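Every value quoted in this text rests on a predicted model; they were computed, and no experiment measured them. Residue numbers start from 1 in every chain, and the chains themselves are labelled A, B, ... in the order their sequence lines are given, proteins ahead of strands.
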Protein chains: 2
Amino acid sequence: MATVVSKPPRGMVECPKCPLHGMKTFRAFTAEELAFVSGFKRGELAVEKGATIIMEGHHNAHLYTVLSGWAFRYKLLPDGKRQILNYLMPGDLAGLQGSLLGEMQHSVEALSPMRLCVFERDKLYDLYRNHTGLAFDVTWIAAREEQILDENLLSLGRRSAIERAAYLIAFIGSRARNAGLNGTTAAQIPMTQQLLADTLGLSLVHTNKTIRKLVDRKLIGWREGGCEIKDMKGLLALARWGGIGETPRPFI
Amino acid sequence: MATVVSKPPRGMVECPKCPLHGMKTFRAFTAEELAFVSGFKRGELAVEKGATIIMEGHHNAHLYTVLSGWAFRYKLLPDGKRQILNYLMPGDLAGLQGSLLGEMQHSVEALSPMRLCVFERDKLYDLYRNHTGLAFDVTWIAAREEQILDENLLSLGRRSAIERAAYLIAFIGSRARNAGLNGTTAAQIPMTQQLLADTLGLSLVHTNKTIRKLVDRKLIGWREGGCEIKDMKGLLALARWGGIGETPRPFI
DNA sequence: CGACAAGTTGACGCACGTCAAGGCCGGTGG
DNA sequence: CCACCGGCCTTGACGTGCGTCAACTTGTCG
């Protein structure tokens with residue numbers, strides 16, 4: 001399945017030492033849960049930037065949790081048009097649809113080098129049987145994803161190009177900050193304008209002109225392959241959006 | 001909360017006699033599950049067409065399963081622009097986001113007279129603890145919703161107006177047929193063009209002209225407040241979409 | 001040095017949105 | 001009975017937001 005570069009468990013992280021623990025965005029595990037998840041974990045996957053982790057139309061026996069790095073989910077039309085659905089950051093789950101419904105109906109590609117936790121799909125049922133709290137968490141994550149997609153749909157359907165762009169950048173920036181992804185001060189978002197365009201449902205050229213307007217208005221900065229938020233409040237106001245909550249969230 | 005007309009348990013259906021059982025689209029319950037769900041059910045809600053069942057920004061202590069009728073989920077922008085996110089039909093769950101994440105971030109409105117099964121939000125955890133199969137089903141439903149939203153996003157972002165319309169009508173028609181909603185022969189979909197427009201992310205006028213093209217091409221028929229699919233294959237081809245599966249699905 | 005990926009900019013056209021007017025119908029009240 | 005009204009659909013004229021095409025720049029990697 002494409003160019004997945006899998007470095008076998010060279011430096012596989014033990015769950016108790018998982019870098020996601022102890023972050024204030026994520027909820028804590030009980031000792032018992034931690035033990036179970038350790039057994040649930042089947043391995044670790046390291047991929048290069050650009051690697052396809054999940055492919056539309058395929059059946060996949062695995063479920064992943066992002067440990068580090070970025071990725072995005074997308075769908076293609078037969079003529080090659082691409083729509084990016086959402087971004088994956090540390091703590092996010094990938095492959096749940098496939099685990100429950102059979103065939104994956106979207107692909108996932110790495111935006112940066114990544115490390116992922118690999119779970120056996122068949123063991124998901126054990127998790128549900130033995131750890132109500134964790135099962136609840138999985139559903140929590142699914143409901144959260146639903147909420148994000150809702151907002152995205154509102155954006156594509158009813159916001160203008162510049163509002164959409166403002167929303168998207170504010171959204172990704174906030175999530176990245178919560179996931180501890182960027183430098184301490186400036187929120188550097190590593191992305192190309194092509195990716196933005198495919199997320200916003202716009203053409204590349206028009207996306208470029210829209211980004212330029214945001215730069216001119218001093219809401220963001222753009223430097224070669226990345227964007228930096230300069231005025232979050234301004235972005236939120238332009239997008240007419242309330243921002244995301246900061247309550248701690250579960251992960252598996 | 002708006003005009004909810006609640007006829008108290010006058011003719012409340014006992015779960016074992018639930019009209020959804022025995023339909024080939026839905027999976028069967030075990031006797032034990034049925035017993036549990038009977039206890040889980042807290043009452044029944046009957047609403048008129050046009051009633052608001054769930055309201056954006058509110059906290060809601062309940063979780064609903066649609067027993068009969070149609071509804072739709074939507075979000076509003078401050079200026080009143082509306083984006084419809086998805087439609088609810090018999091067997092669908094409403095209010096899960098609120099149950100897990102706290103505040104509802106979308107509203108739900110009845111498209112026809114409806115009956116809904118009401119569950120206590122707090123008992124959801126009991127369900128997870130005692131009935132792994134049902135907990136799995138809830139997650140299944142959430143993942144399915146996610147999949148639908150994915151396809152919708154692809155539509156809004158990358159399909160033209162006529163393709164979007166073809167996709168939407170084919171999609172709703174298929175789901176309605178699976179849920180046993182329409183007459184046996186002709187799939188009459190009761191909807192206004194305003195609703196279609198708000199789902200497609202288009203203006204009312206352009207939606208009208210687009211529908212007209214579909215009628216001219218003999219793909220659908222439109223008669224006052226409803227649409228009828230005349231050539232499903234044609235719609236699917238125009239939308240470049242594979243259609244939905246027919247595997248039996250769970251419900252609660 | 002060329003090749004390629006990412007960004008920029010201008011010219012032009014079309015798929016949409018907006019505005020405005022009118023038709024058809026059922027319901028309500030005289 | 002007609003008069004009036006409010007949903008819903010329809011149609012034309014016109015404007016604009018965004019797509020498409022095409023050219024150029026800059027930086028990076030060989």
Side-chain angles (χ1 to χ4, degrees), chain A residues 48-50 72 77 79-84 109-112 155-169 188-217 220-228 238-239, chain B residues 48-50 77 79-84 109-112 155-169 188-216 220-228 238-239:
Chain A
E48 303 292 349
K49 172 176 174 175
F72 61 94
L77 282 178
D79 63 1
K81 283 182 189 157
R82 179 173 72 170
Q83 179 63 42
I84 296 180
E109 183 178 322
L111 261 179
S112 72
S155 222
L156 283 196
R158 293 302 177 200
R159 283 195 252 247
S160 70
I162 197 167
E163 291 169 350
R164 257 182 264 181
Y167 162 71
L168 180 60
I169 291 174
Q188 259 283 138
I189 303 174
M191 259 207 308
T192 68
Q193 297 190 359
Q194 182 66 64
L195 288 168
L196 279 182
D198 285 351
T199 314
L200 298 171
L202 297 171
S203 73
L204 175 58
V205 173
H206 197 74
T207 300
N208 178 292
K209 288 167 182 169
T210 304
I211 294 293
R212 198 109 297 284
K213 284 185 197 168
L214 290 178
V215 173
D216 291 344
R217 292 198 199 180
I220 65 169
W222 190 276
R223 4 171 190 161
E224 192 60 32
C227 126
E228 176 194 350
L238 178 54
Chain B
E48 304 291 350
K49 172 176 175 174
L77 281 178
D79 64 0
K81 282 182 191 159
R82 180 173 70 171
Q83 179 62 43
I84 295 181
E109 182 178 323
L111 263 179
S112 72
S155 221
L156 284 196
R158 293 302 178 202
R159 282 195 252 248
S160 70
I162 196 167
E163 291 168 350
R164 257 182 263 183
Y167 161 72
L168 180 60
I169 292 174
Q188 259 282 141
I189 304 174
M191 259 208 310
T192 69
Q193 298 191 0
Q194 182 65 65
L195 288 167
L196 279 183
D198 285 351
T199 314
L200 298 172
L202 296 172
S203 72
L204 175 58
V205 174
H206 197 74
T207 300
N208 178 292
K209 287 168 182 168
T210 305
I211 294 292
R212 199 109 297 285
K213 283 186 199 167
L214 290 178
V215 173
D216 290 346
I220 65 169
W222 190 277
R223 6 170 189 160
E224 191 59 34
C227 125
E228 176 195 349
L238 178 53

Visitor: Report the distance from atom CH2 of A:Trp222 to atom C1' of D:dG27, rounded to the nearest whole Å.
Guide: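 Computing the A:Trp222:CH2 to D:dG27:C1' distance gives 16 Å.
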Visitor: In whole angstrom, give the distance that lies between atom CG of A:Leu204 and atom C1' of D:dA22.
Guide: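 Rounded to the whole Å, the gap is 13 Å.
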Visitor: Taking the side chain as C-beta and beyond, is there a heavy-atom pair between B:Arg212 and B:Gln193 under 4.5 Å?
Guide: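 Result no, sub-4.5 Å side-chain heavy-atom pair not found.
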Visitor: Measuring from the side chain of B:Thr192 (C-beta onward, heavy atoms only), which nucleotide among D:dC9, C:dG17, C:dA6 has the closest atom?
Guide: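 So the nucleotide nearest the side chain must be D:dC9.
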Visitor: If I take atom CZ in residue A:Arg164 and atom C1' in nucleotide D:dG19, what distance separates them, rounded to the nearest angstrom?
Guide: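 Rounded to whole Å, this separation is 13 Å.
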Visitor: With respect to the side chain of A:His206, which nucleotide from D:dT10, D:dG19, C:dC16 is positioned closest?
Guide: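 Side chain of A:His206 sits closest to D:dG19.
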Visitor: Nearest of D:dT20, C:dC16, D:dC9 to any side-chain atom of B:Gln193?
Guide: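 Nucleotide nearest to B:Gln193's side chain: D:dC9.
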Visitor: Could you state the atom-to-atom distance from CG of B:Leu202 to C1' of C:dG17 in whole Å?
Guide: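 Those two atoms, CG and C1', are 10 Å apart.
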Visitor: Below the 4.0 Å mark, does C:dT8 have OP1 or OP2 next to a side-chain nitrogen or oxygen of A:Asn208?
Guide: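 Yes.
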Visitor: Closest to the A:Ser203 side chain: D:dT20, D:dC18, C:dA20?
Guide: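 Nearest to the side-chain atoms of A:Ser203, counting from C-beta on, is D:dT20.
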Visitor: With nearest nucleotide decided by heavy atoms, which residue, A:Val205 or B:Lys49, maps closer to the 5′ end of DNA chain D?
Guide: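 Whichever sits nearer the 5' end wins; that is B:Lys49.
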Visitor: Take atom CG of A:Asp198 and atom C1' of C:dA6, then tell me their distance rounded to the nearest Å.
Guide: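 It works out to 14 Å between those atoms.
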Visitor: Over how many whole Å does the gap from A:Leu200 atom CG to D:dG17 atom P extend?
Guide: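 One finds 17 Å between P of D:dG17 and CG of A:Leu200, rounded.
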Visitor: Rounded to whole angstrom units, what separation is found between the CG atom of B:Asp79 and the P atom of C:dG17?
Guide: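 Rounded to the whole Å, the gap is 14 Å.
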Visitor: Taking the side chain of B:Lys209 as heavy atoms from C-beta outward, which of C:dT9, D:dA13, C:dC19 is closest to it?
Guide: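 The closest nucleotide is D:dA13.
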Visitor: For B:Arg223 and C:dC25, give me the distance from atom CZ to atom P, rounded to whole Å.
Guide: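 Interatomic distance, CZ of B:Arg223 to P of C:dC25: 16 Å.
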